[in-house]
Amino acid sequence: MPELPEVETIRQTLKELVIGKKIESVSIHWPKIIQQPEPDMFHQTVVGQTFRDIRRKGKFLLFDLDDFVLVSHLRMEGKYGVFPSAEELMPHTHVIFHFTDDTDLRYRDVRKFGTMHLFKKGEEQNAKPLVQLAEEPISGNFSIKTFTEKVQSSQRCIKNILLDQTVIAGLGNIYVDETLFLAKIHPLQQGVHLTDKDILIIYQSAVETLNKAIKQGGTTIRSYVNSQGQIGMFQQELAVYSKEGEACQVCGDMITKIKVHGRGTHYCPSCQAI
DNA sequence: AGAAAGTCCTGATTGC
DNA sequence: TGCAATCAGGACTTTC
């Protein structure tokens, strides 16, 4: 599932492949992916536009066109790739941007959970899905004070809080578990019971985890590949996620998996005692 | 208003 | 073996 490091890796690899390419037409095979505007209006709007840049906010990709911004979320299994137009479509290809140079930008998504929103340039910040999005921990604008206030004012457990993109952007199920292991905080600990120091350590752990994962090109657990079809390498570094039953690399106790509001949650009962 | 549950999907895994 | 039920999960919408 692409989280911030995977989306960043996709952004970097995809940028080289699409910048300067002009859209001739779009094929939409699963219209629900296109949340806004209506698919036929979406098509009319982007035809003739050229890709100028790709930015990222949290787990969202922002494709800058001449006059519009395409906001794309990959959810669990979304993938982008650039192919010669003549090449046969891979399974689960739902949206195809046909370029004037006889190549395509193709969006594939086995579960069809991904979304695309199109905005006039500059308007994307004022509407869903970006309007409520918090800063990401590796951003220079991240406020530890605001983060601390939000965490300490919540009755929810820290696992849930860290998955909330209006509190901190970019973490998903894998990196929340890894961050809490590094911070030595139990996933069920309530936000209201965490000290300023706990929260600072959580923030620092998130930064360290995300930066390491970006350097490794992301984590491939199920099916993640970057825009050039390469897998990530960070799964070798995982300490708790998908390590149920294995020995903790710090203390040797057994990594335990529990469910926290429907999410698989991995932790070391000794290092992360509540 | 805040928090939990429901929703969207399909391939892989589990259970009988 | 074969089929059906269950699981995986991000973020929005709905419900409490």
Side-chain angles (χ1 to χ4, degrees), chain A residues 1-8 10 28-37 39 56-62 71-80 89-95 107-119 124-136 146 149-180 187-194 206 210 213 218-225 235 238 240-245 257-266:
Chain A
M1 57 221 86
E3 305 177 27
L4 189 153
E6 292 74 37
V7 179
E8 175 60 19
I10 290 166
I28 301 170
H29 297 153
W30 192 263
K32 280 187 161 180
I33 306 264
I34 312 291
Q35 301 273 311
Q36 138 182 357
R56 182 187 57 71
K57 284 213 154 235
K59 304 176 203 171
F60 291 89
L61 283 171
L62 282 65
V71 178
S72 169
H73 198 299
L74 306 168
R75 289 293 210 277
M76 261 70 75
E77 307 245 13
K79 294 168 186 56
Y80 280 105
L89 293 184
M90 295 173 81
H92 312 295
T93 300
H94 304 310
V95 181
Y107 177 74
R108 296 188 291 129
D109 189 342
V110 168
R111 297 203 192 156
K112 302 174 175 169
F113 272 18
T115 58
M116 297 183 194
H117 293 77
L118 191 65
F119 296 96
E124 72 276 7
Q125 303 296 344
N126 308 319
K128 283 174 191 173
L130 296 182
V131 68
Q132 295 277 20
L133 190 66
E135 285 292 338
E136 54 191 55
T146 305
E149 286 167 4
K150 284 186 178 175
V151 171
Q152 290 178 338
S153 66
S154 175
Q155 307 294 316
R156 302 148 80 196
C157 65
I158 189 64
K159 164 89 184 195
N160 279 353
I161 295 171
L162 294 181
L163 285 171
D164 185 341
Q165 304 296 302
T166 71
V167 175
I168 185 169
L171 298 173
N173 211 34
I174 295 173
Y175 295 111
V176 167
D177 285 3
E178 293 299 316
T179 294
L180 288 175
L188 291 177
Q189 184 69 258
Q190 283 180 291
V192 69
H193 290 139
L194 291 168
L210 292 174
T219 303
T220 297
I221 288 291
R222 298 179 69 88
S223 66
Y224 163 75
V225 289
Q235 59 275 16
L238 294 176
V240 288
Y241 190 89
S242 78
K243 303 294 182 186
E244 182 186 10
K257 182 177 182 182
I258 57 172
K259 280 256 182 193
V260 180
H261 283 98
R263 302 283 183 255
T265 299
H266 314 71

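Protein chains get the first letters and strands the later ones, always in sequence-line order, with residue 1 at the start of each. Fair warning: this is a prediction, and the values are worked out from it, not measured in the lab.
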Base, sugar-phosphate, or nothing: which does [X] touch, judged by heavy atoms less than 4.0 Å apart?
{"X": "A:Arg75", "answer": "base"}
{"X": "A:Lys159", "answer": "nothing"}
{"X": "A:Glu3", "answer": "nothing"}

Spacing of CZ belonging to A:Arg108 relative to CG belonging to A:Leu74, to within rounding of 0.5 Å: 11.5 Å
Once you round to the nearest 0.5 Å, how far does NE2 of A:His266 lie from CD of A:Glu244?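 One finds 6.5 Å between NE2 of A:His266 and CD of A:Glu244.
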Knowing that exactly one of A:Asn173, A:Ile168, A:Leu171 qualifies, which makes a side chain to side chain contact (heavy atoms under 4.5 Å, CB included) with A:Leu163? A:Asn173
Name the one of A:Gln36, A:Lys32, A:Arg75 that satisfies side chain to side chain contact (heavy atoms under 4.5 Å, CB included) with A:Thr115?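 The side chain to side chain contact (heavy atoms under 4.5 Å, CB included) with A:Thr115 is passed solely by A:Arg75 among A:Gln36, A:Lys32, A:Arg75.
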Does OP1 or OP2 of [N] have a side-chain N or O of [X] closer than 4.0 Å?
{"X": "A:Lys259", "N": "C:dC7", "answer": "no"}
{"X": "A:His92", "N": "B:dG11", "answer": "yes"}
{"X": "A:Ser154", "N": "B:dA3", "answer": "yes"}
{"X": "A:Lys150", "N": "B:dG2", "answer": "no"}
{"X": "A:Lys32", "N": "B:dC8", "answer": "no"}
{"X": "A:Tyr175", "N": "C:dG10", "answer": "no"}

Residue pairs passing the salt bridge (Lys or Arg N to Asp or Glu O under 4.0 Å) test where at least one lies in residues 158-170 of chain A, sequence neighbours excluded: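 Every salt bridge (Lys or Arg N to Asp or Glu O under 4.0 Å) pair that includes a residue of residues 158-170 of chain A, provided the two are not neighbours, is A:Arg156-A:Asp164, A:Lys159-A:Asp177.
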When A:Arg263 and A:Asn160 are each assigned the nearest nucleotide of DNA chain B, the 5'-most assignment goes to A:Asn160
Show me the protein contacts with nucleotides 13-15 of chain C, counting only N or O atoms at under 3.5 Å.
| residue | atom | partner | partner atom | Å |
| --- | --- | --- | --- | --- |
| C:dT13 | OP2 | A:Lys128 | NZ | 2.8 |

Take the protein atom [atom1] of [X] and the nucleotide atom [atom2] of [N], then report the distance between them rounded to whole Å.
{"X": "A:Asp164", "N": "B:dA4", "atom1": "CG", "atom2": "C1'", "result": "13 Å"}
{"X": "A:Gln35", "N": "C:dA11", "atom1": "CD", "atom2": "C1'", "result": "10 Å"}
{"X": "A:Lys79", "N": "C:dG10", "atom1": "NZ", "atom2": "P", "result": "14 Å"}
{"X": "A:Gln152", "N": "B:dG2", "atom1": "CD", "atom2": "P", "result": "16 Å"}
{"X": "A:Tyr241", "N": "C:dG9", "atom1": "OH", "atom2": "C1'", "result": "8 Å"}
{"X": "A:Leu74", "N": "B:dC9", "atom1": "CG", "atom2": "P", "result": "17 Å"}
{"X": "A:Arg111", "N": "C:dA11", "atom1": "CZ", "atom2": "C1'", "result": "15 Å"}
{"X": "A:Ile33", "N": "B:dC9", "atom1": "CD1", "atom2": "C1'", "result": "10 Å"}

Choosing from [options], which nucleotide comes nearest the side chain of [X]?
{"X": "A:Lys112", "options": "B:dC9, C:dG10, B:dA3", "result": "B:dC9"}
{"X": "A:His73", "options": "B:dA3, C:dA11, B:dC9", "result": "C:dA11"}
{"X": "A:Phe113", "options": "C:dG9, C:dC12, C:dA11", "result": "C:dG9"}
{"X": "A:Val110", "options": "B:dG11, B:dA3, B:dC9", "result": "B:dG11"}

Report the end-to-end axis angle of the helix from B:dG2-C:dC16 to B:dC16-C:dG2; each axis comes from five terminal pairs, and the value is rounded to 10°.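 For the helix from B:dG2-C:dC16 to B:dC16-C:dG2, the axes at opposite ends meet at about 60°.
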Report the residues that fulfil ring pair (Phe, Tyr, Trp, His ring centres under 6.0 Å) with [X], sequence neighbours left out, ordered by chain and then residue number.
{"X": "A:Phe113", "answer": "none"}
{"X": "A:Tyr80", "answer": "A:Phe63, A:Tyr107"}
{"X": "A:His73", "answer": "A:Phe60"}

A:Gln165 side-chain N/O to A:Leu133 backbone N/O, donor-acceptor pair under 3.5 Å: no
Can you see which heavy atom on A:Gly58 is nearest to which on A:Ala169, and at what distance? CA-CB, 4.1 Å
Ion pair present between A:Lys112 and A:Glu77, side-chain N to carboxylate O less than 4.0 angstrom?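 Here A:Lys112 does not pair with A:Glu77 in a salt bridge, since their nearest N and O are not under 4.0 Å apart.
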